[in-house]
Amino acid sequence: MRLTSMPELEAFRRNVRAFVAEHAPGIKKHSGVRAPEPVLMPAIREWTAKLYEAGLLGIDWPVEYGGRPDAHPLEPSVVAEEIARARTWPPVGAASLASAALIEFGTDEQRARFLPRIRSCEDVWCQLFSEPEAGSDLAALRTRAVREGEGADAVFVVDGQKVWTTNGQHADMGYLLARTDGDTPKHKGITAFALDMRSPGVEVRPLREITGTTDFNEVFLDGVRIPAANVIGRVNDGWRVAMSSLGRERSGVAARGAELSAVLEDLLTLAERTPVDGRPALDDSATRQAVGELAARVQVNAAMTALAQSRMLHGTEQPVDALLGKIFFSELNHDLVDFGLRLQGTDGLLTEDDQEAVADGWWQDAHLYSRAYTIAGGANEVLRTQVAERGLGMPREPR
């Protein structure tokens, strides 16, 4: 396992950092995977297109669609880290997932149609997987797609509901999973589709969260007609398509590490500036010990990320690597912002609407959002069961 970066990657990092400093669309105000306000979307679309044009996104795509076959495999992680370190907006939406599915399973016509529009950010994609009764158990999804007609005029008529759809209110396209065969085992009868979000019968309803923002959405599908040409992969093989595209999404792990480092820096600044009995909180031994423990865990997270990247480079990845990384990151992120909030005492009750709020209420907002990380991508309780069963070979949990 290699913990130090290679010279060529460090040179690439310097170029990325300079590019981000010159072109980024400003500071991202809230923590977490957030949907921007509509007024910000034109700037974010332009920024995303510049990243693709500069060869900083879609690095591992086929060369005919803008990829760079000579690029180091960790370059996408460096880009994600530098965007997070600059605290600016990453590309919004599920384009990375959709492009992975299209590249591996799509037809030549689909790749030629959709990939250039992803690169230009003419199309923002959303992920239409989760449902009210199918979250952690995604294969239990109930949205139905029924085929009508044959040949070039064939369509699938889709009825159902999706939920927790991030950026659904901004999306032009949806990466949809729907059940096309109800008589087979639940993993076997699912199909993946590319859905035009402007299709008749698609209704997007933003959900207002505890933070006061509307990052997630419900999406209702009522008689939506999707051309059969928009099936990604084979009919009834959508589970394999989805799992493959999810498995290729690695760069976000590196970004999370950079996010934790930034929060730790802010926590140190907060502890230096927050008075306790007339002295900076950081002068208190208990505070120093708590901050020290959190700093150690941030370093452990960095080591876990490096280990996962090293295994990826050598083809020795383990199924539980991503699960453990997600559990550790999400719980450490919560503990960092929780301590920052408690350090403020009663001032921690102030929100971003209060002029006296510390950091414009960032800590309270981040604390409220931090629970979402422990649920999104699989609840930590479910992931721990998967680690036990898949990683440690323990007996399966009774159903």
Side-chain angles (χ1 to χ4, degrees), residues 24-52 57-58 79-80 83-84 87-102 114-115 117-132 135 138 143 160-177 192-199 202-221 224 232 242 245-246 248-249 251-252 255-256 259 365-366 368-369 372-373 375-378:
I27 298 295
K28 182 167 168 279
K29 185 176 180 181
H30 297 119
S31 69
V33 183
R34 302 299 187 95
E37 294 297 321
V39 69
L40 294 175
M41 281 303 296
I44 292 174
R45 286 180 186 264
E46 181 181 358
W47 158 238
T48 302
K50 287 180 178 178
L51 287 168
Y52 276 109
L57 292 180
V79 174
I83 290 174
R87 307 187 187 202
T88 192
W89 284 95
V92 299
S96 60
L97 290 176
S99 62
L102 290 164
F114 294 123
L115 293 181
R117 294 181 63 86
I118 289 176
R119 295 192 74 89
S120 64
C121 209
E122 293 173 83
D123 286 342
V124 170
W125 286 66
C126 65
Q127 180 181 340
L128 297 169
F129 286 14
S130 296
E131 299 183 4
L138 179 59
T143 294
Q161 178 186 356
K162 299 293 180 176
V163 76
W164 312 126
T165 303
T166 310
N167 291 297
Q169 71 270 51
H170 301 309
D172 308 288
M173 297 294 302
Y175 177 18
L176 168 71
L177 294 183
F193 297 90
L195 166 66
D196 186 336
M197 294 294 287
R198 295 171 291 268
S199 301
V202 176
E203 181 183 0
V204 179
R205 298 182 191 173
L207 296 168
R208 184 164 294 275
E209 291 99 51
I210 193 173
T211 57
T213 56
T214 51
D215 307 306
F216 304 112
N217 301 266
E218 294 177 292
V219 179
F220 294 87
L221 306 162
V224 178
I232 303 175
S245 58
L246 287 168
R248 291 184 58 182
E249 183 58 22
S251 62
R256 289 172 180 175
E259 290 173 13
D365 177 84
L368 292 173
Y369 187 88
Y373 270 135
I375 300 169

[X] side chain to [Y] main-chain N or O, any donor-acceptor pair under 3.5 Å?
X    : Y    : result
T88  : G26  : yes
R119 : Y52  : yes
H30  : A35  : no
Q161 : P132 : no

> Judged by modelled atom types alone, do Y369 and T213 share a side-chain donor-acceptor pair under 3.5 Å?
Replying inline: no
> Can you tell me if T165 and Q127 form a side-chain donor-acceptor pair at under 3.5 Å?
Replying inline: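 No donor-acceptor contact under 3.5 Å links the two side chains.
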> Does the pair Y175 and F193 meet the rule for a ring-ring contact (aromatic ring centres under 6.0 Å, His included), with working shown?
Replying inline: CA-CA 6 Å; Y175 177 18; F193 297 90; over 10 Å; no
>> According to ring-ring contact (aromatic ring centres under 6.0 Å, His included), who are the partners of F216, at least two apart in sequence or on a separate chain?
In response: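 Result, ring-ring contact (aromatic ring centres under 6.0 Å, His included) vs F216: W164.
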> Can you name the ring-ring contact (aromatic ring centres under 6.0 Å, His included) partners of W89, sequence neighbours left out?
Replying inline: none
Could you check if a side-chain atom of [X] sits within less than 4.5 angstrom of a side-chain atom of [Y], using non-hydrogen atoms only?
X    : Y    : value
V224 : L221 : yes
P38  : Q169 : no
P91  : L57  : yes
R87  : K28  : no
L138 : L177 : yes
E203 : N217 : no
K162 : F129 : no
V33  : D215 : no

> Just wondering, more than 12 heavy atoms not from E37 lying within 6.0 Å of its CD?
Replying inline: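 No, not enclosed.
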> Within a radius of less than 6.0 Å around CD1 of I27, do more than 12 heavy atoms belonging to other residues, nucleotides or ligands occur?
Replying inline: yes
If you compare all heavy atoms of [X] against all heavy atoms of [Y], which two are closest, and at what distance to 0.1 Å?
X    : Y    : result
M197 : G174 : CG-N, 3.8 Å
G168 : C126 : CA-CB, 4.2 Å
A95  : I118 : CB-CG2, 3.7 Å
W125 : A194 : CH2-CB, 3.7 Å
G93  : N167 : N-ND2, 3.5 Å
P42  : V39  : CD-O, 3.5 Å

> Atom CG of L176 and atom CG of D196: how far apart are they, to the nearest 0.5 Å?
Replying inline: 12.5 Å
> Roughly how far, to the nearest 0.5 Å, is OG of S120 from NZ of K50?
Replying inline: 14.5 Å
> What pairs with R45 under salt bridge (Lys or Arg N to Asp or Glu O under 4.0 Å), at least two apart in sequence or on another chain?
Replying inline: D172
> E209 and T214: side chain to side chain donor-acceptor pair (under 3.5 Å), yes or no, with the steps?
Replying inline: CA-CA 6 Å; E209 291 99 51; T214 51; over 6 Å; no
